[in-house]
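As the structure is a computational prediction, the values presented were derived from the model and not from experiment. Quick note on labels: first sequence line is chain A, next is B, and so on, each numbered from 1.
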Amino acid sequence: MMQKMISKEKISDLIKELQKEFKVFGPVKEEGVVLFKEITDAKEICLDYSNSKIPAKSVLFPMIDTLFSYKKEGKGVKIIENPPYEKTVIFGIRPCDSMVFSLFKNFFSFGKYKDPLVLNRLKNITIIGMGCLEPRTTCFCTSVNGGPFNKESVDVLITEFKDNYYLESITDKGEALIKKIKSLTDADKGDLAKIEKLQKDIESAIPVIEGLDGIYTKLDGLFDHPMWKMESQGCIGCGSCTYLCPTCHCFDVLDENKQDGSGRRIRIWDTCQFPLFTLETSGHNPRTTKLPRVRQRIFHKFNYYPKNYNIIGCVGCGRCIINCPVSSDIRNIFISVENISSKTEG
Amino acid sequence: MTDKSKEKSTEEWKPKIIAFLCNWCSYAGADLAGVSRIQYPPNIRVVRVPCTGRINPFFIIKSLAYGWDGILVSGCHPGDCHYISGNYIARRRFAILRDLMTFLGIEPERLNFTWVSAAEGERFAKIVRKTVENVKSVGPNKIFNKKW
Amino acid sequence: MVINIIDDIEKSIRETAKKLLEEKKVDLIIGYTKGSIPLRSGPCFITDASQTGMLVWNQSCDLNLAKYLAKNDDRKIGIISKGCVGRAIVHLIVEKQLNKENITIIGISCEGVLNRAKIMVEIGDKEIIEANIEDNKIIIKGKDFNKTLPLQDYINQLCITCHYKIPPISDIIIGNKKPEKPPKDDFKDLNEIESKSSNDKMEYFKKELNRCIRCYACREACPMCYCSLCFIDQNKPVWFGKTADISDNFIFHMIRAFHVAGRCVSCGACSSVCPMGIDLNFITRKLEKIVKERFDFESGINLEAPPPMGTHKFDDKQEFMIEED
Amino acid sequence: MKSEDEPIRIGVFVCHCGTNIGGVLDCEGLTEYAATLPNVVFSDHNLYTCAEIGLKTIKEAIEEHNLNRVIVCSCTPRTHEPLFRSACEEAGLNKYLFSFVNIREQCSWVHMKKPEDAFEKAKDLIKMGVARATKLEALETIVVDVDPSALVIGGGISGMNAASNLSKQGFKTYLVEKEKNLGGLLNSLYRLFPNDQESSELLKDIESRIQADKNITVYTSTMITSIDGFVGNFEVEINQNGNSIRIKVGAIIVAVGATPLKPINLFGYDGKIRITQFELENVLKNYSLNANNIVMIQCVGTRNEERMYCSNFCCMSALKNALIIKEKNPDVHIAILFRDMHTPGIAYEEYYRRARESGIIFIKYSPEKPPIVEENKIKIYNEYLGTEIIIPYELLVLSTPLIANEDNKQIAQLLKVPLEENNFFLEAHVKLRPNDFATDGVYIAGSAKWPVDITESISQGYAAAARASTILSHDTLEVEGATSYLPEEYKDLCRGCEICLKLCPYKAIRKNEKDEIEIIQVLCKGCGVCGASCPKKAIKIKHFTNEQILSEIYALGGKELP
């Protein structure tokens, strides 16, 4: 573990240094909305933010992702592979959002099929996370095995303290990176203890949601429970909860053709909340109403994920609560689940 | 520079315009222009439809999305529709579509709607000239080009 | 004092709902309830008179509850209806999507709802811990900031120009103040955009629509978007692209707007629900203007008037058509 | 018939049309170009493709190359399409699998001075044509049986003549009259212009013919209660004194006539000494007239804001009646106050001349200064004298118009035909189809569509009968295959908003018992308004399908012109 620091003013020097070797993605404010984008100008970076509107999964799993391109040649078709993925740093990501990277690693390499695109990107990405000094009231990361300064899924963790950023390397990859950066100085040892306390204070201030403990087994018996009718009746069936969820990763594959005979195969975000998602070629649709779709979202994250990968498919960022057009709150579902299961136990 | 190459270099860009003509009036008007040997610019490509009422507004947007530089829609004059009221219904549809597209920043010069009867060969040629002029004034259509 | 009136309305809503349920005049009340974060509200579905305390009414009630009415629903439903909810119901009846007999319209006079996106931009997308509306001011408290905003500046533009504060038809009307009729709609709010060049207009809308993530919240919140399969999802033929590329976004929003032309009831729900804060109200306003000026039509006002796209007049304006020179 | 699933094999035939095309375009070059296009397996060029030899080439190529799409690149489909279609049919190819590319009217003739551009354009047109041909579908024409019988609604002079004429042509005819007697307004008239025939004489003649006609069934005191079905096959329910009767007919003629306006509150109308022109006819029948001063006022209750129209025959009625009175008693003073005298044609103008000669006074008034009717005199501003004059009267006759029957709306709804603004029936086209409705198999005659005199009523009765016989004279009707319909697979898309139903000019769309939209193929003309207006895009327009039109848009989109 290596601990370094840099004054806030010099942060753009650090970015510039990183840019020499890496493509750097970081939070950028556009039209009042914070997004993760490639930093072209070091001044663009916006570190005074609670969390980005669209999670940083968009770096690893873009909204439009070209799988390959093609061009008609004579009677055949020539496949054109994507250019090699450049070495990338994701800078300033919140520890909750970075949890997604290990989750994606599991998902995109599950079973026989490995997704070369995502796995290759993962290999080439270094994550510089940024501790969360001001968790929102909608955050519940500590209830899903995370925390505002969670180190599990970052290579480097930055904590803001007074006028400085403190950088702590977590992985070897992170340490190697820090070592190279000249604009960093050694950390002020006196502050480190204070930082640790600050981190603990912030973490313990986040309320713990009781129902989440062991939700996976609790859900097992609730597939046909009437609670889903209640929970789904207000849902309008849009995709905002899933598109803005750091862990959702469903996609649709389609071809885009140009008139000149060239084209590309892309994947775009898709969501289980749309009726078309499950429409089969035969015309049959196993999820025709809102109810099974709302239930699917919860089961996928809190039952299937734990079963398949031993991970909860939720990082507690609260985006779905903030952005739901009908103000449906996932925490209420946890409470319902808890109430029902404690009743049946009792 | 020889005269010929000079001529070629000053030769303007030739817009490509899709023309939806109703079978009964405007297509016949175009036929009459042909029979009368009236010359007009070779920029339009005709799609014959039974009636302007058949023109789904999607066709117009789709044409722009597919890179046609301009649109010409022509039907029977009010009151002359072979299908009684098809052109009136089309007129409402196009009025809204054109207002909306113009509001969103698509140059109205690309969207040309008119009436030409079967007896108006001369008018058809003039309308085509005018349409070509309109489209030329706003340049090639790159509105819906994708980045890749 | 805006706040008092709204309080009273809330109380009457609860009492009315309770009475309707107790007297078994309705099986279900659809109304608004408090959202889990400030300045948010959600729908609530009440079947038990004891739950009517959940019902609220305030300036964050931006959804159009008509969305929750369905063609084949046989239940007797009481619905809390501000003007635009009522208009949506009327237009849905005109389009044969609802059976009026099953619906009890509980009309309430509405003073307009908040434009939350505008507030969020104003406070830099910070978290709001508490928000109150008093004396025509919005008082917002965050973790490390307090902000007071003038209410009038943050009311949705559509509400400012709204001519139908109460539903055109109601079974019950709640509200102790006769809503003032706003001045004749001159659509001045559109002047700025309309006077721009085509290029600048396109730049403006592309910048807005570029943020669209194609979650379709706008579509799903719209009471008029009731197609079983949206044109964008149809694949025989594939009409337009589904990607979030700006060209596809632009076309999607353009056609969606065209689709609701003459049907849109100007509730602004599409804008209110957008997670990316895209302002679609300009488009809504423009649609209003087009059908008003061209066809002298306002949707959802009259059960007998045919929708403008379902009829025509011999003397409809045709000034947009080209003529030979 | 070619199978649907076999691979598409297109044959392209480029026509030189002598020098019409060949003189401008390189037809061989176009033929070669066509061969490079997808799905084209054969291409050829002829001097005249429409000549016997050209048609033979097509037929042979269909056989030899197993073509399942044929494209002819030549002139306008508006003239030659039927010819090539039948050539295809003769070779066993469904006629809807033929497609036309117009490189003469749209290319060689209009771009003669720019042959290079014309050549490129012709290539584009062929490319679009091939793209469209690929998406063409074989269609069946629909054949329906025709019931050789007709229903005439209204037993007035127009309806009776229509019925009699249809019967003479051998069609079983049902004549339905809501009153107790046949004859309509003829019953209340005395003599008829232009030859002063007695109305009762005319009525007796035709009525006896109709009553004697075994082919005509007359139902008096009968109302229409429902009409179902479509051209050739209408099912009508009528009600005679409470008894419901069902009849089946192939065509319907609307001859319901119109109603004289009672001028309540106009010019002191009282039905006694201030009566209408129609009431005068009744008085004249028994000639119980003892007035020495008679004034007639024209345009009463018409040509005003409420009723913009001219009732057409009232000037003639006034002249005729005035002359009848003058004939009986030349000493009677008659003044006709008019706005414009309307006496068109030789015979009618003759009446006017005779009226003037017989001493009838004509005074023009303007709508701004209408006559003022007092107890026994009338004040009228004489425009020519520039002063007000006073005319005494013992009898005041008001010429009122015919107005639409009150039950027109009801009948229009049953028939799904339109009314105009004054609630008269609206024909399909005032000049092109004056006795038709837009709805096939329904026709119109007489004052139901506009106030007309007896002569005109009779002619229109014949005209409508002739129009109806164009349907009834066939055992079956063949209907165009290119219609619109709601395909089974799109049924889920339809939400029943009824926009299509409202817009269909032919009322071919209805909601069936299952509350589903249904397009009656026989009534549909394939205009496509419904499909293009359908917000859900659920309706398919055959032969101009979305796919076919889009294929043309795609074929050439996205590329710069050469």
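Of the two parts of D:Lys135, neither the backbone nor the side chain holds a non-hydrogen atom closer than 4.5 Å to a non-hydrogen atom of chain C. Of the atoms belonging to C:Tyr226, heavy atoms from both backbone and side chain fall under 4.5 Å from chain D. For chain C, the nearby parts of D:Leu493 are the backbone and the side chain; heavy atoms of each come within less than 4.5 Å. Only the backbone of C:Val238 comes within less than 4.5 Å of a heavy atom in chain D; its side chain stays farther off.
Rounding to the nearest 0.5 Å gives a distance of 11.5 Å between SG of C:Cys230 and NZ of D:Lys537.
Atom NZ of C:Lys292 is surrounded by 12 or fewer heavy atoms from other residues, nucleotides or ligands within 6.0 Å. Dense packing is recorded around NZ of C:Lys71, with more than 12 heavy atoms of other residues, nucleotides or ligands lying under 6.0 Å away. Within 6.0 Å of atom CD in C:Glu323, more than 12 heavy atoms from other residues, nucleotides or ligands are found, so the atom counts as buried in its surroundings. Few gaps surround CD on C:Glu319; more than 12 heavy atoms of other groups in view lie less than 6.0 Å from it. The neighbour count for D:Lys409 NZ, taken as heavy atoms of other residues, nucleotides or ligands under 6.0 Å away, does not exceed 12.
C:Glu95 places no side-chain N or O within 3.5 Å of a backbone atom of D:Gly496 that could act as its donor or acceptor partner. No donor-acceptor distance shorter than 3.5 angstrom exists from the side chain of C:Lys236 to the backbone of D:Tyr490, with no hydrogens or angles considered.
Heavy-atom minimum distance, D:Pro535 versus C:Cys227: O-SG, 4.2 Å. Scanning both residues, D:Lys502 and C:Gly310, for their nearest heavy atoms gives CB-O, 3.6 Å. Looking at every heavy atom in both residues, C:Gln97 comes nearest to D:Arg495 through NE2-O, 2.9 Å. When all heavy atoms of D:Cys497 and C:Lys96 are compared, the closest pair comes out as O-CG, 4.2 Å.
Sorted by first and then second residue, the side-chain hydrogen bond (donor to acceptor under 3.5 Å, both in side chains) pairs with a member in residues 420-430 of chain D form an empty list; sequence neighbours excluded. Residue pairs meeting the salt bridge (charged side-chain N to carboxylate O under 4.0 Å, His left out) criterion with at least one member in residues 305-316 of chain C, sequence neighbours excluded, are B:Arg92-C:Asp316.
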